[in-house]
Amino acid sequence: MEQAEWNEYVHKVATWDVPLPMHMVNNYEDWKCRSIVGRCLLMMKDVEGAMNVLATVRDIKPNMEDAPEFGFSEAEHMALCLRDLAEIIWMITGTGDAPVYYLKEAYKLCRAYKHVFKAADRGKIWVRKLEIMRSCGMEDKALAEAHAMLEAEKENEGINPYRFRALVFMGESMAAKGDYLKASILIAEAYKSYPCSEATEKDLAEAAATADPQERYEKYLHCTTIPYQPWERDNIPTLEDVHRLQEENFAKREAAKSGGGAEGVADLMNQFQKQAE
């Protein structure tokens with residue numbers, strides 16, 4: 001990619017309605033910057049630009065042990081890149097082979113990554129492949145994969161995005177056949193694997209109390225569109241985490257100004273802690 005073309009993409013992203021800091025997007029040599037720029041271009045509906053940029057990332061092998069305290073890991077950047085490449089090809093071609101391939105690769109990363117996944121719902125990345133298969137006339141094969149996922153995950157009780165998405169997918173298929181009662185039962189079962197909050201429980205109870213099967217299903221389905229809580233509990237830093245990081249960064253800057261080094265940072269952090277007490 002020519003430097004002038006890259007600069008245009010960076011400028012477009014940096015001056016967007018939701019502008020990103022330049023240090024996150026301007027370094028072409030950092031593939032994670034290219035991944036961010038490419039995904040932002042897709043959100044901006046610049047499909048050609050997104051394809052051009054993400055194509056430079058797709059063959060990189062991420063460090064699977066990378067697990068930063070804040071921000072996305074290399075595995076997450078790559079999984080999102082592959083997911084978005086699948087969407088771009090699906091939009092352009094309407095054929096499923098290449099999108100399914102990229103979604104399979106994204107799913108492999110989701111499975112292989114053993115740390116907290118902050119970037120997205122891993123189950124949603126997996127089930128997107130089934131949705132595309134269904135759109136391509138391969139619903140029976142997609143349903144077989146959903147059943148296989150339930151079988152594979154049957155021992156993994158509790159919060160489980162793969163079980164949740166498999167059951168919802170199966171519920172949608174039952175609803176398409178007009179069996180709204182069965183569809184509702186499947187989605188209600190799915191929520192046993194979901195990180196429910198008080199708001200979730202309230203909405204689910206309202207759906208369950210609805211007499212008409214189709215209306216009940218539609219209320220359950222609406223619940224699946226609401227991100228009530230993060231799937232993986234460490235996704236969102238607490239306010240205390242943010243304050244701690246701000247204090248650490250400020251202490252480092254002040255210590256650098258005074259030449260205090262590590263001892264200077266420690267002294268400043270002690271001062272912050274005393275002030276907090």
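- Heavy atoms of other residues, nucleotides or ligands lying less than 6.0 angstrom from OH of Y28 number more than 12.
- Hydrophobic clustering (side-chain heavy atoms under 4.5 Å, transitive across Ile, Leu, Val, Met, Phe, Trp, Tyr) groups M91 together with M51.
- Heavy-atom neighbours of D212 CG from other residues, nucleotides or ligands within 6.0 Å: above the threshold of 12.
- Ionic pairing of R111 and E153 is present here: one or more N-O contacts between side-chain nitrogen and carboxylate oxygen are shorter than 4.0 angstrom.
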Worksheet entry | Verdict with supporting geometry, M170 and L150, side chain to side chain contact (heavy atoms under 4.5 Å, CB included) | CA-CA 11 Å; M170 292 160 61; L150 290 180; 3.6 Å; yes
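- Residues I36 and V53 share a hydrophobic cluster, clusters being chains of Ile/Leu/Val/Met/Phe/Trp/Tyr side chains in contact below 4.5 Å.
- The residues E145 and K129 are annotated as salt-bridged, a charged nitrogen and a carboxylate oxygen being separated by less than 4.0 angstrom.
- Across all non-hydrogen atoms, the minimal contact from M64 to H115 is O-CD2, 3.8 Å.
- One hydrophobic cluster holds both M149 and M174 under the rule that ILVMFWY side chains link at heavy-atom gaps under 4.5 Å.
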Worksheet item: Does the side chain to side chain donor-acceptor pair (under 3.5 Å) test come out yes or no for R58 and Y102, once each step is laid out?
Response: CA-CA 9 Å; R58 63 185 175 186; Y102 283 117; 3.2 Å; yes
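- Counting only heavy atoms from C-beta outward, the side chains of R134 and L143 never approach each other to under 4.5 Å.
- Across all non-hydrogen atoms, the minimal contact from A146 to F169 is CB-CD2, 4.2 Å.
- Using modelled atom types, one finds no donor on one side chain facing an acceptor on the other under 3.5 Å when comparing R216 with S184.
- Salt bridge K219/E206: present, at least one basic N to carboxylate O contact under 4.0 Å.
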Item to complete: Output, in order, the C-alpha distance, side-chain angles, deciding distance and verdict of side chain to side chain contact (heavy atoms under 4.5 Å, CB included) for E76 and D66.
Response: CA-CA 10 Å; E76 291 172 288; D66 180 46; over 6 Å; no
Practice prompt. Would you sort out whether Y194 and N160 count as a side chain to side chain donor-acceptor pair (under 3.5 Å), showing the intermediate values?
Written response: CA-CA 7 Å; Y194 188 90; N160 189 316; over 6 Å; no
Discussion item. Is there a side chain to side chain contact (heavy atoms under 4.5 Å, CB included) between E172 and V168? Walk through the geometry before answering.
Written reply: CA-CA 6 Å; E172 291 170 341; V168 171; 3.9 Å; yes
Practice prompt. Evaluate the criterion side chain to side chain contact (heavy atoms under 4.5 Å, CB included) for residue pair C81 and W31; output intermediate values, then yes/no.
Written response: CA-CA 11 Å; C81 169; W31 70 266; over 6 Å; no
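- Among all heavy-atom pairs drawn from K118 and G71, the shortest one is NZ-O, 3.0 Å.
- Inter-residue side-chain proximity for L204 and C196 is flagged as met; some heavy-atom pair is nearer than 4.5 Å.
- Between D30 and K32 there is a salt bridge, since a side-chain N of the basic residue sits under 4.0 Å from a carboxylate O of the acidic one.
- Between V57 and H77 the shortest side-chain heavy-atom distance does not fall below 4.5 Å.
- Under 4.0 Å is where a charged nitrogen must lie from a carboxylate oxygen, and between K192 and E157 no such pair does.
- E65 and K114 are not joined by a salt bridge, as no carboxylate oxygen comes within less than 4.0 angstrom of a charged side-chain nitrogen.
- Looking at S73 and Y113, their side chains do bring a donor and an acceptor atom within 3.5 Å of each other.
- Side-chain atoms of E139 and S173 form a donor-acceptor pair, as typed in the model, at a separation below 3.5 Å.
- Aromatic ring centres of Y107 and Y162: separated by under 6.0 Å.
- Residues Y217 and L186 do not share a hydrophobic cluster, defined by chaining ILVMFWY side chains whose heavy atoms lie under 4.5 Å apart.
- Annotation: side chain of M138 is not in contact with side chain of L130 (no heavy-atom distance under 4.5 Å).
- Taking each heavy atom of C33 and N27 in turn, the nearest pair found is CB-O, 3.3 Å.
- The same ILVMFWY cluster, assembled from side-chain heavy atoms under 4.5 Å apart, contains both M133 and W126.
- E74 and K61 are not joined by a salt bridge, as no carboxylate oxygen comes within less than 4.0 angstrom of a charged side-chain nitrogen.
- The two atoms that bring S197 and Y228 nearest to each other are OG-CB, 3.9 Å, heavy atoms only.
- The aromatic ring centroids of F164 and W231 lie less than 6.0 Å from each other.
- L20 pairs in a side chain to side chain contact (heavy atoms under 4.5 Å, CB included) with only one of the listed residues (T15, V25, N26, V10), which is V25.
- Nearest approach of A120 to R83, heavy atoms of both residues: CB-NH1, 4.2 Å.
- Counting only N and O atoms by type, the side chains of D46 and Y9 include no donor and acceptor under 3.5 Å apart.
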